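A, B, ... follow the sequence lines: proteins, then strands. Residue 1 opens every chain. Here the structure is a predicted model, which is why all the values come from computation and not from measurement.
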Protein chains: 2
Amino acid sequence: MGAGKPATIYDVAARAGVSKSLVSLVLQRSPRVSQQRREAVLKAIQELDYRPSTAAVSLAGTRSRTIGVVLDDFRNQWFVDLLTGLREALQDQGHRLVVADRFLNTGLDASPVEGFLSMRVEGLVIAGEPDTDLAIPASTPLVIAGGRLSIPRADTVANDDRAGGGMAAEHLLGLGHVRLGFIGASSAASAERRSGFEAAVGAAADVAVTILPGEATEDAGSRAVAQLLDDHPDVTAVFAANDVMALGALSELAARGLRVPEDVSVMGYDDTPLAATRYVGLTSIDDRSVEIGRGAGERLLARIADPGLAATEVLVEPRLVARRTTAAR
Amino acid sequence: MGAGKPATIYDVAARAGVSKSLVSLVLQRSPRVSQQRREAVLKAIQELDYRPSTAAVSLAGTRSRTIGVVLDDFRNQWFVDLLTGLREALQDQGHRLVVADRFLNTGLDASPVEGFLSMRVEGLVIAGEPDTDLAIPASTPLVIAGGRLSIPRADTVANDDRAGGGMAAEHLLGLGHVRLGFIGASSAASAERRSGFEAAVGAAADVAVTILPGEATEDAGSRAVAQLLDDHPDVTAVFAANDVMALGALSELAARGLRVPEDVSVMGYDDTPLAATRYVGLTSIDDRSVEIGRGAGERLLARIADPGLAATEVLVEPRLVARRTTAAR
DNA sequence: TTGTAGGCGTTATCAA
DNA sequence: TTGATAACGCCTACAA
């Protein structure tokens, strides 16, 4: 158990009475090792509680088998599903995932990306909008997951916000609403969702729009819906660019004594855990982060295998999840 | 920019016209390097976009300067604050933080802990309840953050659940409630919170209790409060062992046409982001995860410095956050 | 099938 | 203040 210094491959070799190369072969599951030796080595490994040093492995080996994942913020829950998808695609293929948000280890490394480059990761996944102009060497395979802002040489896998906006429109129109509202903030995603929404509505209904510049916060949602209703009191259904703003809308509506969905239907976007709670029960658009993660992982794998690959942009079809905040007119 | 192979310390040395040792000294900010040489080296580093290989550094060096953080589940948002505290204590002291949840990289490594041991981390932080009997060598400094289940040789830094329960009691009693309810699940934390709650209530009020065996889910909260009210219709204030169950309680109360807080006050525990939203506005107990993280980090640092230290158990005083789900009787 | 030897990119220990 | 040179723990030809 608690050895002072961790055992090395030398210790294992000595104890098993073989050479270090033989141990190395066993470690790599090489088939050309006699059953007898293999067992002896395995036994020694067990007894010594040996664990190969990742540092030594990646130094000596040709590849680090490590993928760096840069999250924008651990608070944005969508990364959880993204990671699930990434794991499926990557770690099952023998790659180790290392995650960091924008601030993890800053100070030691100038940025998480710097840290990953020091680790000699074989590839990088940037989740969300790559905020700063991150200086990533062209030689590092890179894929942007969930962000639209595309870097020339990077693959992009993202939710089809336009399509999602369209789904929202169809849902509300299908429920018989003809006075629609859209609230959003100043982000590329918000703009896309709005545009898809309006395009799908077409001439079938009126759409009142309130865009509040700045962050998509709950408070912004409250203020946006307040303004929307002040200007257009006849609106019966509101589509928020994201769940957080939708939540703000819900509280503002409650404050005004308007019932949801009896008086006003509300829907969001992202299908966050929040929306899925029974208490909130928000109709939303699932951006299918698991698929995005899987797609990003597969794409990264392909790019690692062939660095010369042209950058592609994959859009993942979202999915509407109807809950209790939307109802027929 | 986009070099094929990353530059090595040799490249830097050659370009700066010095030995590798000199470069190494500059890297380590050694004061005994002439200004002239230092600048030449720095310039070469810049021009070559050189970055020391962490693998080589930790192989050759005496310490890895890496701390492993094992999270129970990325979905439990409390780790975000915990990380903030850990960063303050650890990464500012030159330690690199690597985080993993229970499932990250399983398959490659048997468990995240195995992975960390392979990385030769200098210390380990286990966040939450260490579920399985994780086999951690006694030589690895270890601290449990936020969990009560203590391992003999590990330090523990956790929220004082008993005290928090007491605060909940004082709050509700102070509001004039005399028919109290407690709902919880089968966890050590829940039990502690209940016990603190009941102790603080003493003879000042009646406490009806419903414990549902199993996980602390929203649904469990709904069912628990339903049972509680069926058995004790006169209860005017409910203290849930955690925010998630409190949320379940809120939706059940709404379903029964009971207003919060006019008819029934509700409070939770953990002060999750959910509770802090305007829409939910749940009165809760803040378990001060940032402090727990900081404390855990400091403790780990001390233990790394002196492995012989006796294990300690630190309890962090929680804090009540009053919002709109509780009101005077 | 197994062993020998060299090298991976650093740090660390001595000399100079 | 600087520079050789030996580790560090493992992989990978190459040889046996």
Could you work out how much the helix from C:dT1-D:dA16 to C:dA16-D:dT1 bends, comparing the axis of its first five pairs with that of its last five, to 10°? 30°
Annotated protein contacts, base or backbone, on nucleotides 5-16 of chain D with a non-hydrogen cut-off under 4.0 Å, one of B, S, - each: B--BBBSB----
Do B:Val113 and B:Val70 come within less than 4.5 Å of each other through their side chains, counting heavy atoms only? yes
Residues A:Asp286 and A:Arg288 bridged, charged N to O under 4.0 Å: no
Looking at A:Lys5 and A:Asp11, is any side-chain nitrogen of the basic one under 4.0 Å from a carboxylate oxygen of the acidic one?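 Salt bridge absent between A:Asp11 and A:Lys5.
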If I compare all heavy atoms of A:Asp270 with all of A:Asp287, which pair ends up nearest, and what's the gap? OD1-OD2, 3.0 Å
Using 0.5 Å steps for rounding, measure from the [atom1] atom of [X] to the [atom2] atom of [Y].
| X | Y | atom1 | atom2 | result |
| --- | --- | --- | --- | --- |
| A:Glu114 | A:Leu108 | CD | CG | 12.5 Å |
| B:Leu83 | B:Asp81 | CG | CG | 9.0 Å |
| A:Thr140 | A:Arg120 | OG1 | CZ | 9.5 Å |
| B:Ser30 | B:Arg38 | OG | CZ | 7.0 Å |

Chain A footprint on DNA chain C, 5' to 3' - any atom under 4.0 Å from a heavy atom: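 Range of nucleotides touched by chain A: C:dT1 to C:dT10.
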Please name all residues satisfying side chain to side chain contact (heavy atoms under 4.5 Å, CB included) with B:Ala189, sequence neighbours left out, ordered by chain then number.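 Result, side chain to side chain contact (heavy atoms under 4.5 Å, CB included) vs B:Ala189: B:Arg148, B:Asp161, B:Ser187, B:Arg193.
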Is it the case that the side chains of A:Thr312 and A:Arg299 hold a donor-acceptor pair, with the cut-off being a distance below 3.5 Å and no angle test? yes
Pair A:Ser24-A:Gln28, side-chain donor/acceptor within less than 3.5 Å: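 A:Ser24 vs A:Gln28: donor-acceptor pair found between side chains.
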Please list, chain by chain and in numerical order, all residues satisfying ring-ring contact (aromatic ring centres under 6.0 Å, His included) with B:Phe79, sequence neighbours excluded.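 Residues passing ring-ring contact (aromatic ring centres under 6.0 Å, His included) with B:Phe79: A:Phe74, B:Phe74.
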Identify, residue by residue, the members of residues 105-116 of chain A with a heavy atom below 4.0 Å from DNA chain D, and return them in order of residue number, or none.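 Heavy-atom contacts with DNA chain D come from no residue of residues 105-116 of chain A; none.
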